[in-house]
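Numbers restart at 1 for each chain; the letters A, B, ... are given by sequence-line order, proteins then strands. Given the structure is predicted, the values throughout are model-derived calculations rather than measurements. Below, each value reflects all heavy atoms present in this structure, side chains not excepted, and no hydrogens, waters or symmetry copies.
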Number of protein chains: 2
Amino acid sequence: MNITKLSTADIRRETVVASAITMFARSGYLGTSVAGIAEHAGISQAYVFKLFPSKELLFVTALEACFELVLAALERGAATSPDHSPDAMLFAMGGAYAELIGDRSLLMLQVHAQSAASVPEIGAALRKGLRATTLLAKSRSNASDEAVQRFIAYGQLCHLIVVTGLDHNPPDWADLITAGIRHP
Amino acid sequence: MNITKLSTADIRRETVVASAITMFARSGYLGTSVAGIAEHAGISQAYVFKLFPSKELLFVTALEACFELVLAALERGAATSPDHSPDAMLFAMGGAYAELIGDRSLLMLQVHAQSAASVPEIGAALRKGLRATTLLAKSRSNASDEAVQRFIAYGQLCHLIVVTGLDHNPPDWADLITAGIRHP
DNA sequence: CCATTCAGTGAGTGTATACTCACTCACATG
DNA sequence: CATGTGAGTGAGTATACACTCACTGAATGG
């Protein structure tokens, strides 16, 4: 039982955002139709437009929800780290992130968001999420700037590995770039 | 005068590929219309379809040309490195890459290709390009696997920096992840 | 019992776009 | 001149999709 009572429209909005994450992650911003999201959520397409003013804002909302989950996972990882040294903290946060993106949706949504970043609102949401992620990694780990930078860089490498499918059926050359990287 | 004589259709194909790189880099695979590419190339849309069987194959051709240029740049960087130590070789190759993507087209095309990688032919071309890039970096530098992996990871970080516009008007927090990264 | 509000939809509209086809025109060659 | 070839196009077709609007039915409350 929540302290804030949600109207049924607000509840609907949440299920639609969940469907949007799934569908946008599957086919990208332009490749996903609002009708498809509506069908996945089990409502009519017209009602999606009652709940969100535009496809663009629905994508932004989904991306923001995605970063909320990422930040929560990093926080969780940091909180459960057995050792408080900067390296151990970043390692624990990386492990929590790898676990989070096990179903690939949150990862793919970020990849598609990078491709759609020229849409101003999407670019802004992406910057905001990256900023929060970076600052959280820095503040919770107390690591050096270089270590935080490396943390983000290897996160991007993880994205590349998943996008190219190198984790699922790795060819012989793949372990050159997948070795030691924790991915789903 | 070339040793291989090109028919005018082959020449046209090359100019169309150049236009395709520019336009696809600007708006992505789904966001770019063949009509727009045709206009940029100064020919009719119908003729583009005479030169290439489909939009998909045009994108793949553009992506392959992109990787050709990347590989050539890495080769050039390696060739002009003053020092033959693995670290110096990778550093020189990274510098050449940073210089190559000065106009952002080749970088953005790779980002959009990652977003479109679920199209089988595009995913395959992406894997092929990544494979060639990785193996070239390894063989020309003689660096350790870890160093090559880091080379690729920081390349992806460079892509992220450009996509989010952190290089053009960096906010205060940006140098946490842009420090020391050579980007256009 | 009437009035208001709110969740939810069916049936559109306008537009963009991948791809096709019948055609023209310039030119080279016998 | 006749004819064949290859570059190049105008005008389509078919479809998908973002977004709109007039509407329904049910609950709520005075």
Enquirer: Whole angstroms only, please: what is the CZ-C1' distance between A:Phe52 and C:dG8?
Expert: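 Atom-to-atom, A:Phe52 to C:dG8, this comes out as 15 Å.
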Enquirer: Using whole Å, report how far CG of A:Asp10 lies from C1' of C:dA7.
Expert: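 Nearest whole value for this atom pair: 13 Å.
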Enquirer: Below 30° counts as parallel, above 60° as perpendicular, anything between as tilted: where do the rings of A:Tyr154 and B:Tyr154 land?
Expert: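 Taking B:Tyr154 first and then A:Tyr154, their aromatic rings stand perpendicular (interplane angle over 60°).
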Enquirer: Rounded to the nearest 0.5 Å, what separation is found between the CG atom of A:Leu109 and the CZ atom of A:Phe59?
Expert: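 Between A:Leu109 CG and A:Phe59 CZ, I get 5.0 Å after rounding to 0.5 Å.
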Enquirer: For nucleotides 18-21 of chain C, tabulate all protein N/O to nucleotide N/O atom pairs closer than 3.5 Å, reporting atom names and distance.
Expert:
| from | atom 1 | to | atom 2 | distance (Å) |
| --- | --- | --- | --- | --- |
| C:dA18 | OP1 | B:Lys55 | NZ | 2.8 |
| C:dA18 | OP2 | B:Val34 | N | 2.8 |
| C:dC19 | OP2 | B:Lys55 | N | 3.0 |
| C:dC19 | N4 | B:Gln45 | OE1 | 2.6 |
| C:dC19 | N4 | B:Gln45 | NE2 | 3.1 |

Enquirer: For atom CD of B:Glu56, is the number of surrounding heavy atoms from other residues, nucleotides or ligands below 6.0 Å larger than 12?
Expert: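 Yes, CD of B:Glu56 has more than 12 neighbouring heavy atoms, counting only those of other groups under 6.0 Å.
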Enquirer: Using atom CZ of B:Phe59 as one end and atom C1' of C:dT17 as the other, report the distance to the nearest whole Å.
Expert: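 In whole Å, C:dT17 C1' and B:Phe59 CZ are 17 Å from each other.
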Enquirer: Round to a whole Å and report the spacing from CD1 of A:Ile11 to C1' of C:dA7.
Expert: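 Checked: the CD1 to C1' distance equals 12 Å.
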Enquirer: Using a 3.5 Å distance criterion without hydrogens, assess whether the side chain of B:Gln114 forms a donor-acceptor pair with backbone atoms of A:Val163.
Expert: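 Checking the backbone N and O of A:Val163 against the side chain of B:Gln114, no donor-acceptor pair under 3.5 Å is found.
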Enquirer: If I take atom CZ in residue B:Arg13 and atom C1' in nucleotide D:dA7, what distance separates them, rounded to the nearest angstrom?
Expert: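 For the pair B:Arg13 CZ and D:dA7 C1', the rounded distance is 12 Å.
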Enquirer: Is a donor on one side and an acceptor on the other found under 3.5 Å between the side chain of A:Ser81 and the backbone of A:His84?
Expert: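 No, the answer is negative, given that no donor and acceptor are paired below the 3.5 Å cut-off.
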Enquirer: Centre of A:Phe151's six-membered ring, under 6.0 Å away, within 45 degrees of the axis: is that where NZ or CZ of A:Lys138 sits?
Expert: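 Judged by the rule (NZ or CZ under 6.0 Å from the ring centre, within 45° of its axis), A:Lys138 is not positioned above A:Phe151.
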Enquirer: Within the structure provided, determine whether B:Arg76 and B:Met93 are in side-chain contact (heavy-atom separation under 4.5 Å).
Expert: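 The answer is no; the side chains never approach within 4.5 Å.
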Enquirer: Does the ring of A:Phe24 carry A:Lys55 above it, NZ/CZ under 6.0 angstrom from centre and within 45° of its axis?
Expert: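 The answer is no; the distance or angle limit is not met.
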Enquirer: Tell me whether the side-chain N/O atoms of B:Arg12 come closer than 4.0 Å to OP1 or OP2 in D:dG8.
Expert: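 So the side chain of B:Arg12 is within the cut-off, an N or O lying under 4.0 Å from OP1 or OP2 of D:dG8.
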Enquirer: In whole Å, what is the span from the CE atom of A:Met23 to the C1' atom of D:dC17?
Expert: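 It is 14 Å, rounded to the nearest whole Å.
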Enquirer: Strictly distance-based, threshold 3.5 Å: is any side-chain N or O of A:Arg140 a donor or acceptor partner for the main-chain N or O of A:Leu74?
Expert: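 A pair under 3.5 Å: no.
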Enquirer: Set out, line by line, the N/O atom pairs under 3.5 Å between protein and nucleotides 13-15 of chain C.
Expert:
none

Enquirer: Once you round it to whole Å, what is the distance between C1' of D:dT20 and OH of A:Tyr47?
Expert: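 Result: 17 Å.
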